[in-house]
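Inspection log for the structure reproduced underneath, given as structure tokens.
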Amino acid sequence: MHMKIGLAVLAAIAIPLLLTDCGGEASTTTLYPTLSGAQAPDELGYRASGKIKHIVIIIQENRSVDNLFPGLHGADTQPYGYDSNGKKIALQAVPLEAPYDIDHSLASFLAACNGTGKLPGTQCRMNGFNNEKVGCIVGCPPNPQYGYVPLAETKPYFAMAKQYVFGDRMFTSMIDASSFTSHQYFIAGQSSSSVDFPTTIWGCEGGPTDTVPTLTSQRVESTAIRACFQNQTLGDELDAKGISWGYYTAKLSNASNIWSAYQAIRHIRYGPDWKRNVFSPQTKFFKAVSDGTLPSVSWVTPTCKNSDHASCDSNHGPHWVASLVNAIGNSEYWKSSAIFIVWDEYGGWYDHVAPKMIDYDGLGLRVPLLIVSPYAKRGYVSHVHYEHGSILKFVEDQFGLPSLAASDARATSPEADAFDFSQSPRPFQTIPSELSPRYFEGEALDPRIPDAE
């Protein structure tokens with residue numbers, strides 16, 4: 001039996017919050033406003049390749065680069081770290097199915113960054129991971145935050161990195177280490193300055209009393225707003241140009257779909273896109289590929305069991321991702337696809353590379369990035385500085401869309417460094433995996449909510 005970090009920890013560490021927006025509408029005041037009138041990519045001098053017709057964004061959970069890709073050839077990884085007392089600590093093998101979770105709230109980011117819980121001006125010192133809270137009752141190893149996943153469990157990920165592109169300078173666009181805000185950045189480039197977790201449901205179904213704290217320009221938690229926004233999203237921009245999109249996520253009829261970002265966008269949750277573009281369960285992605293109805297842009301989120309999230313008691317995440325990649329690779333869509341596999345935030349796990357401090361809300365800690373495409377460079381490690389907004393930027397450049405918010409406006413697209421569009425699309429080689437799409441399609445629903453228990 002084990003305890004899971006989430007709202008209980010936040011309640012203990014958060015400052016008192018004043019509730020607003022009693023009328024039921026989310027506040028439109030945000031430090032990251034939509035960039036109305038932003039220039040389209042072609043006006044800014046970008047030129048899409050024209051060869052990418054399908055973009056798939058696979059979002060996994062809560063891993064750092066040092067934790068998930070230790071020793072990857074050519075990548076900047078480190079097998080040890082330091083704690084807030086200056087002690088050197090060797091990273092230890094901690095399997096994906098280990099029965100404990102690490103707090104990954106804003107408070108944990110501040111602790112990990114500097115060891116004191118306060119940001120040191122312009123540079124994280126990456127020396128306070130030992131001060132993060134750990135949800136472990138029995139069987140917890142010493143220094144549980146300083147761990148790496150055994151290579152035996154991550155073979156599919158390493159196989160993809162060997163064949164395609166790994167980015168070792170990918171950071172979250174926000175300092176907050178919660179999945180709620182992170183997933184908003186994957187669809188909107190912002191989260192209305194929200195931070196940490198909603199009080200109940202991660203979206204509009206929670207009603208006016210379901211609120212989430214906001215972050216001030218001084219990086220302090222402040223007034224709470226309803227966890228239901230009216231932000232412009234990539235889906236809205238795609239709709240406006242008649243470009244198809246799909247969001248493949250967990251069951252929609254209960255609160256277990258915490259990684260379903262569009263449920264927190266009011267005009268989508270209660271508009272026609274909800275039935276037209278949001279698909280559940282996420283295994284419907286396989287059918288879209290096989291029957292020729294794959295949208296131009298797709299997001300795919302996992303269940304707890306297949307997510308790589310600590311305390312989900314499973315090591316199936318790498319095989320889940322491999323099954324998605326293999327489905328595309330062995331289909332008609334391969335020659336026109338770019339697949340981005342990214343982890344939403346670091347999950348409390350040690351990483352030695354400090355993020356840059358760009359503004360009040362960014363950047364957060366380093367996360368892995370895999371790019372799979374017939375045009376991706378072979379066995380290449382990109383050291384270019386990327387963030388969540390870089391994926392949005394790539395999509396925007398391919399389809400001639402304007403920027404949504406500050407994160408994608410400032411971000412560097414992976415197009416120039418990670419791809420070689422002068423080459424012919426190379427044939428797909430199946431990623432070795434122990435589990436097939438049929439296994440995941442037949443899997444029972446996993447209703448667990450790891451970040452809210």
Side-chain angles (χ1 to χ4, degrees), residues 1-6 9 60-72 75-85 87-105 108-109 111-112 115 126-158 161 166 168 172 177 179 302-322 341-353 364-368 370 434 446 448 450-451 453:
M1 179 177 181
H2 59 277
M3 177 183 69
K4 295 176 180 174
I5 291 290
V9 172
Q60 290 293 95
E61 295 292 316
N62 294 36
R63 296 287 164 175
S64 72
V65 172
D66 283 340
N67 172 259
L68 197 59
F69 285 87
L72 178 67
D76 183 4
T77 65
Q78 183 172 287
Y80 61 88
Y82 293 91
D83 66 13
S84 56
N85 298 312
K87 180 182 177 182
K88 184 177 181 179
I89 300 172
L91 301 190
Q92 59 193 309
V94 179
L96 287 168
E97 66 274 20
Y100 69 86
D101 198 2
I102 305 167
D103 181 27
H104 39 279
S105 63
S108 280
F109 168 84
M126 310 302 282
N127 66 342
F129 290 80
N130 57 301
N131 292 328
E132 296 174 322
K133 297 179 184 298
V134 180
C136 186
I137 297 176
V138 295
C140 194
N143 305 308
Q145 307 91 338
Y146 296 77
Y148 69 88
V149 178
L151 299 184
E153 293 193 332
T154 54
K155 289 180 180 179
Y157 291 151
F158 275 73
F166 180 79
D168 72 351
T172 64
S179 292
T303 61
C304 182
K305 185 176 182 180
N306 301 322
S307 68
D308 297 332
H309 196 297
S311 79
C312 281
D313 311 318
S314 172
N315 59 12
H316 286 183
H319 302 285
W320 159 249
V321 173
I341 303 152
V342 64
W343 285 255
D344 69 333
E345 38 92 355
Y346 80 113
W349 298 103
Y350 178 79
D351 195 82
H352 78 281
V353 177
L365 298 187
R366 193 172 62 143
V367 294
L370 287 166
E434 299 171 6
D446 182 359
R448 290 175 295 171
D451 284 325
E453 294 182 345

Can you tell me if [X] uses its side chain to pair, donor with acceptor, with the backbone of [Y] under 3.5 Å?
{"X": "T77", "Y": "G71", "answer": "yes"}
{"X": "D168", "Y": "D76", "answer": "yes"}
{"X": "S311", "Y": "D101", "answer": "no"}
{"X": "N85", "Y": "K87", "answer": "no"}
{"X": "S108", "Y": "D103", "answer": "yes"}
{"X": "H316", "Y": "K305", "answer": "no"}

Where do [X] and [Y] come nearest, in terms of heavy atoms and distance?
{"X": "A161", "Y": "L72", "value": "CB-CD1, 3.9 Å"}
{"X": "E132", "Y": "I102", "value": "OE1-CG2, 3.5 Å"}
{"X": "P318", "Y": "D308", "value": "CD-OD1, 3.5 Å"}
{"X": "P150", "Y": "A93", "value": "CG-CB, 4.1 Å"}
{"X": "S307", "Y": "C312", "value": "OG-SG, 4.0 Å"}
{"X": "F166", "Y": "V65", "value": "CZ-CG1, 4.0 Å"}

Please list, chain by chain and in numerical order, all residues satisfying side-chain hydrogen bond (donor to acceptor under 3.5 Å, both in side chains) with D66, sequence neighbours excluded.
->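 Expected list: H352, R366.
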Counterpart residues, side-chain hydrogen bond (donor to acceptor under 3.5 Å, both in side chains), relative to N306 (two or more places apart) =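 side-chain hydrogen bond (donor to acceptor under 3.5 Å, both in side chains) check on N306 returns T303, E443.
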Please report the interatomic distance [atom1]([X]) to [atom2]([Y]), rounded to the nearest 0.5 Å.
{"X": "D351", "Y": "N67", "atom1": "CG", "atom2": "CG", "answer": "9.0 Å"}
{"X": "H104", "Y": "Y346", "atom1": "NE2", "atom2": "OH", "answer": "8.5 Å"}
{"X": "E61", "Y": "C304", "atom1": "CD", "atom2": "SG", "answer": "9.0 Å"}
{"X": "E345", "Y": "N62", "atom1": "CD", "atom2": "CG", "answer": "4.0 Å"}
{"X": "M126", "Y": "Y82", "atom1": "CE", "atom2": "OH", "answer": "14.0 Å"}
{"X": "N143", "Y": "I89", "atom1": "CG", "atom2": "CD1", "answer": "4.0 Å"}

With sequence neighbours left out, write down each residue that passes ring pair (Phe, Tyr, Trp, His ring centres under 6.0 Å) with Y350, or none if nothing qualifies.
->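 Expected list: F129, Y146.
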Does [X] have any side-chain contact (heavy atoms from CB on, under 4.5 Å) partners at least two apart in sequence or in another chain, and if so, which?
{"X": "K155", "result": "none"}
{"X": "T154", "result": "L68, V149, L151, Y157, F158"}
{"X": "P141", "result": "Q92, Y100, P144"}

Run the numbers on N131 and Q145 for side-chain contact (heavy atoms from CB on, under 4.5 Å), then give the verdict.
-> CA-CA 9 Å; N131 292 328; Q145 307 91 338; over 6 Å; no
How about P156 and H319: do any of their side-chain heavy atoms sit closer than 4.5 Å?
->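 The answer is yes; the side chains approach within 4.5 Å.
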Report yes if the side chains of V134 and C140 come closer than 4.5 Å at any heavy-atom pair, otherwise no.
->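 The answer is yes, as the side chains (C-beta and beyond) meet within the 4.5 Å cut-off.
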Donor on one side chain, acceptor on other, Q60 and D344, under 3.5 Å | no
Please test F69 against L370 for side-chain contact (heavy atoms from CB on, under 4.5 Å), starting from the C-alpha separation and ending with a verdict.
-> CA-CA 11 Å; F69 285 87; L370 287 166; 4.0 Å; yes
